[in-house]
**Student:** 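Sharing a structure with you now.
Just so we're clear, the structure is a prediction, and the values are computed from it rather than from any experiment. Numbering of ligands and ligand atoms starts at 1, following listing order.
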Amino acid sequence: MDRRKFIRNSSLGSAGLLSGSSLLSCEGETTKAAVAAESGGPIAVCTWDFANATARAWEVLNQNGSVLDAVEQGVMVEEADPENQTVGYGGRPDRDGVVSLDACIMDSEGRCGSVMALEGIVHPVSVARKVMEDTPHVILAGAGAQQFALESGFKLKDLLTEKSKNQWLEWQKTSRYNPIINIENHDTIGMLARDKNGNLAGACTTSGMAYKMRGRVGDSPVIGAGLYIDNEVGGATATGVGEEVVRTVGSFLIVELMRQGMSPQKACEEGVARIIAKNNGKLDFQIGFLALNKKGETGAFCIHPGFSYRKYDTQGHRNIPSESYLKS
Ligand code: SD4
């Protein structure tokens, strides 16, 4: 399949191509999760609409690259893109004007690596992979993560682009401390993939919440929160307000729900429901989950401020966060 055809075919609803939902759905809008799949064959799926990232993963899978290479190289596309202001180079800085990155990666053997609050390195996901492969540890943070990256041959780069710098300066003029998740552009990338043998891997990478406190780490590099892979069951990844995902250990929860027999779609909806319940139904944040099971079925669900789960329910679109659940 050539690249153009793949991109066309990766759009939603292509007959026979996808074996599951590929939507991150929000009330009043549907946002594509970029997907590359062939029935029964390899599949790569990521949060939001990063078709170039899944295209890269797809290329790797079809050139007999490993599923781990596929997710790493897939998300690297977004890390290198200065226009994506929530990942890698060009990411929005913290409130002190410093771009600090979080990323993790997990393979089909259950091995994992993570970097937190890493500065000055364009590809944190690759540093996370090195942590996994070249150290006895799972997580390196801050200055230590950067030192390890430099010792491993990564080069320092100023990640603050003029565009992100100017927006930060503008924010400083008016704002009290009020970090934001980029709701309009949905930029954090979590990717899940399965190779033709059914082996799974995942990666997640972000610059986190814009204008966050210095040192703040979200869910994205936290194994089990922003990403989880269990090769017997499936994988899940998250986007949105990391604090909410961390306190539900969201991606691990979704994989465990799939283990108990839920479809990826149902599991994502249930994961969101747990978060809504923990907030007593108050919905002033964005959360999205994406899941892939061992069979290659996908599911995704998100909410955002203004989302009305009651209206959504009565319209019969999806049977999620119900009042009865919230009361129980
Ligand atoms: C975080 N979950 O750091 C990330 C942010 C995100 O779209 O997903 N933004 O909390």
Side-chain angles (χ1 to χ4, degrees), residues 24-26 29 31-34 45-50 53 75 78-79 81 83-95 98-106 114-119 124-125 128 139 141-142 145 159 164 167 177-192 202-228 236-254 268 271-272 275 278-279 284-291 300-305 307:
L24 276 176
S25 313
C26 285
E29 63 177 279
T31 307
K32 268 190 298 183
V45 56
C46 73
T47 53
W48 310 117
D49 197 9
F50 299 128
V75 302
E78 291 307 313
E79 289 182 335
D81 181 358
E83 291 308 310
N84 184 334
Q85 290 182 281
T86 306
V87 181
Y89 176 55
R92 290 192 179 86
D94 63 21
R95 64 180 180 173
V98 179
V99 179
S100 85
L101 306 176
D102 297 335
C104 73
I105 193 160
M106 193 160 185
S114 160
V115 288
M116 299 179 173
L118 174 62
E119 296 172 12
V125 72
I139 304 170
L159 303 181
S164 287
Q167 288 176 1
Y177 181 57
N178 185 23
I180 54 167
I181 286 290
N182 186 5
I183 288 161
E184 287 73 34
N185 295 321
H186 308 301
D187 290 342
T188 287
I189 183 164
M191 181 177 285
L192 308 168
C204 188
T205 178
T206 188
S207 55
M209 207 177 250
Y211 319 134
K212 60 196 175 186
M213 280 178 72
R214 186 139 171 79
R216 178 267 185 187
V217 171
D219 60 314
S220 303
V222 178
I223 303 298
L227 177 75
Y228 197 69
T237 188
T239 182
V241 178
E243 282 73 3
E244 296 298 334
V245 179
V246 167
R247 65 197 189 108
T248 43
V249 199
S251 293
F252 181 75
L253 168 67
I254 284 164
C268 288
V272 169
I275 289 174
K278 276 203 162 62
N279 286 278
D284 57 356
F285 49 82
Q286 179 194 294
I287 286 291
F289 287 112
L290 174 68
F301 194 75
C302 89
I303 54 165
H304 62 89
F307 175 95

**Student:** Determine whether any heavy atom of Arg216 lies closer than 4.0 Å to an atom of ligand 1.
**Tutor:**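 A heavy atom of Arg216 does come that close to ligand 1.
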**Student:** Looking only at N/O atoms, are Gly242 and ligand 1 under 3.5 Å apart anywhere?
**Tutor:** yes
**Student:** Roughly how far, to the nearest 0.5 Å, is OG1 of Thr205 from CD1 of Ile105?
**Tutor:** 10.0 Å
**Student:** Please check this pair: side chain of Ser207 against backbone of Gly88, looking for a donor-acceptor N/O pair closer than 3.5 Å.
**Tutor:**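 Answer holds: no.
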**Student:** Going by the atom numbers of ligand 1, which of them fall below 4.0 Å from some non-hydrogen atom of Gly208?
**Tutor:** 3 (O)
**Student:** Hey, which atoms in ligand 1 end up nearer than 4.0 Å to a heavy atom of Ser220?
**Tutor:**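 Contacts of ligand 1 toward Ser220, numbered from 1: 2 (N), 4 (C).
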**Student:** Using a 4.0 Å cutoff against the non-hydrogen atoms of Thr86, which atoms of ligand 1 qualify?
**Tutor:** 9 (N)
**Student:** Salt bridge (Lys or Arg N to Asp or Glu O under 4.0 Å), that's the test. Do Arg216 and Glu243 meet it? Break it down for me.
**Tutor:** CA-CA 10 Å; Arg216 178 267 185 187; Glu243 282 73 3; 2.7 Å; yes
**Student:** Test of understanding: given a 4.0 Å heavy-atom threshold, classify the contact between Asp102 and ligand 1 as side chain, backbone, both, or neither.
**Tutor:**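 The answer is neither; Asp102 stays 4.0 Å or more away.
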**Student:** Please could you name the atoms of ligand 1 that Met209 approaches to less than 4.0 Å, counting only its heavy atoms?
**Tutor:** 3 (O)
**Student:** Identify, by atom number and element, the atoms of ligand 1 in contact range of Thr188, meaning under 4.0 Å from any of its heavy atoms.
**Tutor:** 5 (C), 6 (C), 7 (O), 8 (O), 9 (N)
**Student:** Are any non-hydrogen side-chain atoms of Phe50 and Asn84 less than 4.5 angstrom apart?
**Tutor:** yes
**Student:** Pull out every atom of ligand 1 sitting under 4.0 Å from any heavy atom of Asp219, numbered as shown with elements.
**Tutor:**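 Numbered from 1, ligand 1 contributes 1 (C), 2 (N), 4 (C), 10 (O).
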**Student:** Quick one: look at Glu243 and ligand 1, take heavy-atom pairs under 4.0 Å, and tell me if it's side chain, backbone, both or neither.
**Tutor:**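 It is neither; nothing of Glu243 touches ligand 1.
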**Student:** To the nearest 0.5 Å, tell me how far Arg92 CZ sits from Tyr211 OH.
**Tutor:**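 OH of Tyr211 is found 5.5 Å from CZ of Arg92.
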**Student:** Check this for me - ligand 1, Gln286, N or O atoms closer than 3.5 angstrom, yes or no?
**Tutor:**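 No: no nitrogen or oxygen of Gln286 is under 3.5 Å from one in ligand 1.
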